[in-house]
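Just so it is clear: chains get the letters A, B, ... in the order the sequence lines come, proteins before strands, and each one is counted from 1.
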4 protein chains.
Amino acid sequence: MTTTVGLRLDDAAPPGSRPVNGKRTRQNILDAAQTVFAEKGFSGANVNEIVTLAGTTKPMLYYHFGSKEGLFAAVLENVYAGMRDIEASLRLDALPASDAMRRLVEVTFDYHAAHPDWVRLISVANIHDAQPILNAPAIAVRNEAVVDILRTLLLRGVQEGVFRGGVDPLHLHLMIASFSFYRISNRHTWRIIFKRDLNAPDEAVLQRTLLVDAVLRFLRPDAG
Amino acid sequence: MTTTVGLRLDDAAPPGSRPVNGKRTRQNILDAAQTVFAEKGFSGANVNEIVTLAGTTKPMLYYHFGSKEGLFAAVLENVYAGMRDIEASLRLDALPASDAMRRLVEVTFDYHAAHPDWVRLISVANIHDAQPILNAPAIAVRNEAVVDILRTLLLRGVQEGVFRGGVDPLHLHLMIASFSFYRISNRHTWRIIFKRDLNAPDEAVLQRTLLVDAVLRFLRPDAG
Amino acid sequence: MTTTVGLRLDDAAPPGSRPVNGKRTRQNILDAAQTVFAEKGFSGANVNEIVTLAGTTKPMLYYHFGSKEGLFAAVLENVYAGMRDIEASLRLDALPASDAMRRLVEVTFDYHAAHPDWVRLISVANIHDAQPILNAPAIAVRNEAVVDILRTLLLRGVQEGVFRGGVDPLHLHLMIASFSFYRISNRHTWRIIFKRDLNAPDEAVLQRTLLVDAVLRFLRPDAG
Amino acid sequence: MTTTVGLRLDDAAPPGSRPVNGKRTRQNILDAAQTVFAEKGFSGANVNEIVTLAGTTKPMLYYHFGSKEGLFAAVLENVYAGMRDIEASLRLDALPASDAMRRLVEVTFDYHAAHPDWVRLISVANIHDAQPILNAPAIAVRNEAVVDILRTLLLRGVQEGVFRGGVDPLHLHLMIASFSFYRISNRHTWRIIFKRDLNAPDEAVLQRTLLVDAVLRFLRPDAG
DNA sequence: AATGAATGAGTTTTCATTCAT
DNA sequence: TATGAATGAAAACTCATTCAT
């Protein structure tokens, strides 16, 4: 229920102490908000619940974030930063194109599976037409990292003769991301309608293999 | 934002008259709720707005649906029925397996593209852990139609020698549905982050082709 | 929970039949109202719950009783009639005054103990300043039966030399009624505050004896 | 109808000022609630009326008491505290047992007569099966003060030779309390049915004497 | 004598936000 | 930075009562 999203290095304060510490309070609110927004959506989340969970009070929330909307935007920023960091840390150049692609797909797949809160928050943002993001300019910057990585990788694969040409890197990312995202975001309705838990461990293994397989088959050069 | 979902056979009452007509009132509320829930999510939707849009009053809503939750469940029931009907109306037997598969993918893709409300409502349901559905047992019945269709089709394709074997029909459906769904559900965040509108007409054409292509490549028998 | 109050001779209609039968419907509503008013008080009772329990519909209630208030008045009328009948059926003339008094006390005590709904309804009426009764003139007629009985009995006891004189029959009734009523009406707060259930079987026996004892000691002529 | 119940030590703020003062607001709500609940019962009472009378707003009520039920529980707690204080302030040790008993009876009688709101609130609590009290554990503590007082007094009277033995103090309290309570609680139905106002001044004097008399006669040792 | 549907006003409760300290 | 208390508007839901049939 409280899957962490992004990095949260709580520097473990002694309980009972209540230091005058703006940074800590701000972070506590952010963490609490992440959890509550992911659990209940934007409108369903309750400012009171957030500050209670954060161990602080409402005026603090407004002091740091201005409004419920501002808080949600900050949470999203945090969330996107987490993914960006992962992508940035990938060192794919050393691997053959095929292996690199496999690795990229797997990392993407795993990140979604490990961060359901991340997925839910982005769903919530979309339900609200992503408007909260519009007011948070920090987000829209340098998020096309993956696309660049993919573009480079595709080119290299073509040169190595293992990928066919003419594939739009954004479309490829769409294929990878949609599968990775949907199986988490729509897990609940699937559980009920198809009676299968898409994120059960054995299912996850199969689907991971399947996605890698589908991507590589999609990229495989047509027989000459 | 006001795309219709499901069938609505209004039994065409003379306009201007406002007779005591339970069926009509109920349907009006259902339609209004569909629109508003899709626009604002569950918690964000306002019962007042729904009844106003439906041209009736709150007590009528509670008379017919018991609660806001009950209403949402009824909306979802309606929504799923729409998709079921489409699937049931497909006559794929006459086509060669390859063409049939192409057709199935395209229909699925197009249905999602044409019914963004449908997509949003299911997103909303998932944000709330699909709990509203749990109380609406009518939904969980006979929704595995697609999977059966796919299973049959896969078998036929193998017999015809155009598909390879060993593909789980549910996994294949997951691949098709995730792509079709995600490009609508996450359209807003993509617009901001990747600066491309996934549902712009020209994009849609490309992606439709891509999905068919990916599926067929995925199913193509390995060269002997 | 559904202790009956007054007489209810249901002439057992075959279930499934729904005859056009005003008398029966009226009585069903009255019975249901008795139960619900006793359980929830006047304002707490819900017209819907009453008609549902009665197996009929709201317009029927209004057809027969005019309003929620009118219904409550009718219930009270019914309730008082029950007690009146008991009192009228007592034949005390044949007994010696002491025994007759003992019997009267015991019957009063037992009636309250056996009809907690009766007690609750009268409590409810008093909470509302007995206003519903004011509009039900049938009630205020000939309810001083007990007082007359007591007056006669007291006189006879004085003549027999077993009671002292100068006791107001209404005051004596107050003493008997208050004890019999209060132990039922205030049973719940006593249970919590004094940890004793005033209407537990063994308690009831003791208290019954006690009340008879107290009354007879109260009436015993002063030694002289 | 507006008899005060319990103690109210308003910490006398300068009138005209409306400072941020939680204690005062809380007490105002409590006082208003006491009045309104006594007048209309629990369900009949209106939260709006209470806050208006208290000169504050609904959110304050929920801020301090959580719910209408919580408020009612707090009112009852207050109410019981008032009686407890009276009982604790009685100094009966100096009096001969007979006089002490007379005094205890009179004080109990008078307290009920002077606090009809007290009586009504307890009636209301019983109508609702005393459930609100169950959630207010503070009430159930140390309310058996009277019973202890009575027990001690009975023992002393037996030693002094003025009371007979074998009387359960709780039963004696029941006798005293029932009479004192009922004549107030059921005043309204009696007024209508027996055409006598049980709390009219001259009536009250007579009944007070009667209750003392009945208790002392009940306790008088049997002639040897 | 009976019903399903409708009404209008009111109910309790909650919300995001801000003030005074 | 931090807090307890306050605010005003709106939220979901309920109610007794009545209409059309």
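- Separating the CZ atom in A:Phe42 from the CD1 atom in B:Ile127 is a distance of 13.0 Å, to the nearest 0.5 Å.
- Taking atom CG on A:Leu71 and atom P on E:dC15, their separation rounds to 15 Å, with Å as the unit.
- Residues C:Asp31 and C:Arg26 are not paired through a salt bridge, judged by the lack of any N-O separation under 4.0 Å between the basic side chain and the carboxylate.
- If you take CZ on B:Phe37 and CG on B:Leu30, they are separated by 10.0 Å, rounding to the nearest 0.5 Å.
- Once rounded to the nearest 0.5 Å, the distance linking CG of C:Asn78 with CD of C:Gln27 reads 6.0 Å.
- Rounded to whole Å, atom P of E:dA5 lies 14 Å from atom CG of B:Asn28.
- Using a 4.5 Å heavy-atom cutoff, the side chains of B:Leu61 and B:Thr56 are not in contact.
- Look at CD on C:Glu69: it is 15 Å from C1' on F:dC15, rounded to the nearest Å.
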Quiz prompt | Test salt bridge (Lys or Arg N to Asp or Glu O under 4.0 Å) applied to C:Arg120 and C:Glu39, step by step | solution = CA-CA 8 Å; C:Arg120 291 173 78 102; C:Glu39 227 171 281; over 6 Å; no
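- Rounded to whole Å, the distance from CD on B:Gln27 to P on E:dA5 is 14 Å.
- Between C:Thr56 and E:dA2, a side-chain N or O to OP1/OP2 separation shorter than 4.0 Å is absent.
- With rounding to the nearest 0.5 angstrom, the CG atom of B:Asn48 is 10.5 Å from the OG1 atom of B:Thr57.
- Listed pair B:Thr57 / E:dA6 fails the phosphate criterion, with no side-chain N or O lying under 4.0 Å from OP1 or OP2.
- The nearest whole Å value for the distance from the CG atom in D:Asn21 to the C1' atom in E:dC19 is 15 Å.
- Atom P of nucleotide F:dA11 and atom NZ of B:Lys58 are separated by 9 Å, given to the nearest angstrom.
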Quiz item: Which string of ( ) [ ] | and . matches DNA chain F, if you list each base 5' to 3' and count Watson-Crick or G-U pairs only when both distances are under 3.5 Å?
Solution: .||||||||||||||||||||
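- From B:Ile50, atom CD1 reaches atom NZ of B:Lys68 across 7.0 Å, with rounding to the nearest 0.5 Å.
- Although no hydrogens or angles enter the test, the distance criterion places no donor-acceptor pair under 3.5 Å between the side chain of C:Asp117 and the main chain of C:Ala38.
- For the pair C:Leu121/C:Phe72, a side-chain contact is recorded, criterion being any heavy-atom separation below 4.5 Å from C-beta on.
- Within residues 59-68 of chain A, the residues having any heavy atom closer than 4.0 Å to DNA chain F are, in order of number, A:Pro59, A:Met60, A:Tyr63.
- Between the CG atom of C:Asp129 and the NZ atom of D:Lys40 there is a distance of 11.0 Å, given to the nearest 0.5 Å.
- Listed by residue number, A:Ala45, A:Asn46, A:Val47 are the residues of residues 41-51 of chain A with a heavy-atom contact under 4.0 Å to DNA chain E.
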